[in-house]
Structure formats: structure tokens, C-alpha cells
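Read the numbers this way: they start at 1 and go in the same order the structure lists the ligands and their atoms. Residue numbers count from 1 along this sequence. The figures that follow rest on heavy atoms only: side chains count, while hydrogens, waters and symmetry mates do not.
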Amino acid sequence: MRDTLIINGRLSAEVLEQNLAAEIAAAQAKPFLAVVLVGHNDASEVYVRNKRNRCLKAGIACEIFRLDENVAESELLSLIDDLNANPVVNGIIVQLPLPLEFDVQKILARVSPAKDVDGFHPLNAGLLASGFGGGFVPATPLGVMRLLKENNVELCGKHAVVIGASVIVGRPLAALLLNQGCSVSVVHDKTVDIETITAEADILVAACGCPKLVKKDWIKEGAVVIDVGINRDGGKLCGDVDFEALCGKASVLTPVPGGVGPMTIAMLLENTWAAYKQQHNL
Ligand code: NAD
């Protein structure tokens, strides 16, 4: 049995946010993040509260703009227009999921690309996908890349397999890995014989929302395995990877909770600070 390095994402996020807080304080800046929350969703309430608390700790002002779930689309768009035009606001996120009636693409495309700290605007997504770069990148894939870098995982020339092809995680992550010189395979719920593809991976990222999907025989000896999933298994939090089974076979592994999750908010705070600096020519 090999030793598996278990990445401590909580610690990485803490250090990152302390450094960020120090930088923001030294610049005597007051970045501002606007969070648009439509309707009521228990999970979103928790996420938004966590984002706000972590913002405030880092010296970033954060205001939650709540709209009723029956709000007219025009009212939501008009709020986004106001936030786009308000010079005090540096970053804007629209908390997902939106109630089903909304055209998510249309709403996300209304956020000014310069304030789109979630990186969901088509312009920012295109800059990433094309490899041109320079736009905002979604926080969760950014967090994964940061953990790989901090733990000295070599990427260039490696085969990376991403399970999941969502706009929020799988697709941007595949682009980031490709931009770092990985050969990338993206597998999803229509892929046949997933485990034969994952078994070829030097780096495997699971982001599909299926509790403990990735089993011991899905990975090759010494693979780096990053678990993005956040699921409930009989009330207990778990990832998309069978963590206990992979310990001793993977060379590097992230736990759930305490792996990628904490990094997501840290990256959102970094993006907000970057937006502030861009808007103030710092
Ligand atoms: P999503 O539902 O938008 O996309 C899931 C993707 O996985 C799809 O491409 C789908 O085709 C694929 N998929 C579904 N079942 C599959 C299967 N059996 N085999 C292979 N592929 C399959 O989900 P998402 O928003 O990308 O989130 C994925 C997971 O990551 C969820 O558990 C979510 O809670 C978690 N997540 C975590 C963070 C974080 O901060 N750690 C952030 C976002 C999402």
C-alpha cells in the first residue's frame, strides 16, 4: 500500500484568505461583492451566508439582493443593470440555481463581463475556452487548479480525465487543464465504459454529483484524484469518490468535506479582489 497525500483544502483556503485580507487592508481598499438571490432554496441560503461571512472576514463588503421567486424577469434584469452601472459594486454573482422559469443563460449574460466574478458570462467562458485567457474563471475549477499547483502536481504532458461536463465545473476545468498542457478526456452520463477511460488517468477529477461513484478499480496506481462532488449519503456528506477505498492506491486525494469546497469561496474572493484592482487600475 502506498502513502496517499490527503490535501487539506480548508487550510489552503484559510491561508489564502488571510493573505488576501492583509493585501486588501494594506491597500486600504473596500471591494464590494453583490449577490443576487432569487426565491428560496435551503442550500443556496447556506452558500450565500458562507460567502458573505468569508467576504466580511477578508475585508470585502458583501450585500445580498433578495428577490421573490415570482419576480418578473424584467425586474431581475433591471437589478443587474443597476449593479452593473454602480461604481461601488466590483463583483456581481447571481446565485444558482434560479427558479425553473428563468432563462439562466439570458440572466447570466446580462452581468457585465468586467464584474462577472463567477466567470459564467459567455465572453469570459469564451476567453477561457479559446485559451486567450484574461477573463474571469469560475471559482470551483480555479480552486482545483490551485490545489494541484500548491501540491506540486505536474500537469504538462499528463492525461487528465474529468468526470462531468457542466458549465460551472467540468467544462472550464477541462479548458484549464488543457491550457496547462494536459491531454484531457471529458466523460459524462452518456459515456460508455467510463471506468476504462478513468483507469488511464494520471489526474482524475470527479464532478458529477454521484455519491462514491469512483471505485478503487476505476483508477490506476498512483493517480492524483480530486473530488469536487458534494452529496449526501444517508445524511452524511460525501463526494463522488469512494474515499476510503482509494486511500492507499491514489498518490494524492482530496477529502469531502474539507477539500475542494473551501477553495471555491476563497477563489471567489480572489476574483472579487481582481475585479476591484482592474476597475481601479491597480
Ligand atoms: P451538474 O448536474 O450541472 O453536472 C453533472 C455532470 O456530471 C453532467 O455533465 C453529467 O452528464 C455528469 N454525470 C452525471 N451522472 C454521471 C455519471 N453517472 N457518470 C458520469 N457522468 C455523470 O453538476 P455540477 O454543478 O457540475 O456539480 C457536480 C458536483 O460537484 C455536485 O456534487 C455538486 O454539488 C458539486 N459541486 C461542488 C462545488 C464545490 O465548491 N466543491 C461547486 C460546484 C459543484
Q) Is a side-chain donor or acceptor of N124 paired with a backbone partner of F136 at a separation under 3.5 angstrom? A) yes
Q: Report, in ascending order of atom number, the atoms of ligand 1 lying under 4.0 Å from any heavy atom of A165.
A: 6 (C), 8 (C), 9 (O)
Q.
One thing to verify: whether K249 and E221 come together as a salt bridge, which I'm taking to mean a side-chain N less than 4.0 angstrom from a carboxylate O.
A. no
(Q) So if I count the atoms of ligand 1 from 1 in the order they appear, which ones are less than 4.0 Å from some heavy atom of G164? (A) 6 (C), 7 (O), 9 (O), 12 (C)
**Q.** Carboxylate-amine/guanidinium proximity below 4.0 Å for K212 and D233
**A.** yes
Q. With backbone taken as N, CA, C and O and side chain as the heavy atoms from C-beta onward, which portion of D189 lies under 4.0 Å from ligand 1: side chain, backbone, both, or neither?
A. both
Q: Any atoms of ligand 1 less than 4.0 Å from a non-hydrogen atom of G209? List them with their elements.
A: 28 (C), 29 (C), 31 (C), 32 (O)
Q.
Taking R54 first and then E17, would you say they form a salt bridge - that is, a charged N and a carboxylate O separated by under 4.0 Å?
A. yes
Q: Report the part of T140 in contact with ligand 1, treating N, CA, C, O as backbone and CB onward as side chain, heavy atoms under 4.0 Å; options are side chain, backbone, both, neither.
A: side chain
Q: Check each heavy atom of C210 against ligand 1 and say whether those closer than 4.0 Å belong to the side chain, the backbone, both or neither.
A: side chain
Q. Using heavy atoms and a threshold below 4.0 Å, how should the contact between I194 and ligand 1 be classified: side chain, backbone, both, or neither?
A. side chain
**Q.** Those atoms of ligand 1 less than 4.0 Å from some heavy atom in I163
**A.** 20 (C), 21 (N)
Q) Is there a donor-acceptor contact under 3.5 Å linking the side chains of K115 and Q279? A) no
Q) Going by atom types alone, do H40 and E69 pair a side-chain donor with an acceptor below 3.5 Å? A) no
Q) If you look at every heavy atom in N271 and V117, which pair is closest and at what distance? A) ND2-O, 2.9 Å
Q | I230-ligand 1 polar pair, N/O distance under 3.5 Å | A | yes
Q.
Could you tell me, atom by atom, which parts of ligand 1 come under 4.0 Å of a heavy atom of G261?
A. 40 (O), 41 (N)
Q: May I ask you to say whether K106 pairs ionically with E73, meaning some side-chain N is under 4.0 Å from a carboxylate O?
A: yes
Q: Decide, yes or no, whether a salt bridge links E195 with K215 under the criterion of side-chain N to carboxylate O below 4.0 Å.
A: no
Q.
I'd like to check which ligand 1 atoms, numbered from 1 as shown, lie under 4.0 Å from a non-hydrogen atom of N231.
A. 32 (O)
Q. Which ligand 1 atoms does T264 reach within 4.0 Å, using its non-hydrogen atoms?
A. 39 (C), 40 (O)
Q | Smallest separation among heavy atoms of L96 and S44, with atom names | A | O-OG, 3.7 Å
(Q) Below a 4.0 angstrom heavy-atom separation, can you tell me which part of V167, side chain or backbone, both or neither, approaches ligand 1? (A) neither
(Q) Taking K277 first and then E23, would you say they form a salt bridge - that is, a charged N and a carboxylate O separated by under 4.0 Å? (A) yes
(Q) Quick test: of every protein heavy atom, which one is nearest to atom 5 (C) of ligand 1, and how far off is it to 0.1 Å? (A) C208 O, 3.8 Å
Q.
Among all the protein's non-hydrogen atoms, which is closest to atom 44 (C) of ligand 1, and how far away is it?
A. V169 CG2, 4.0 Å
(Q) I need the nearest protein heavy-atom contact for atom 1 (P) of ligand 1: residue, atom name and distance, please. (A) S166 CB, 4.0 Å
Q: Considering only non-hydrogen protein atoms, determine which one is nearest to atom 36 (N) of ligand 1 and report residue, atom name and distance to 0.1 Å.
A: V228 O, 3.7 Å
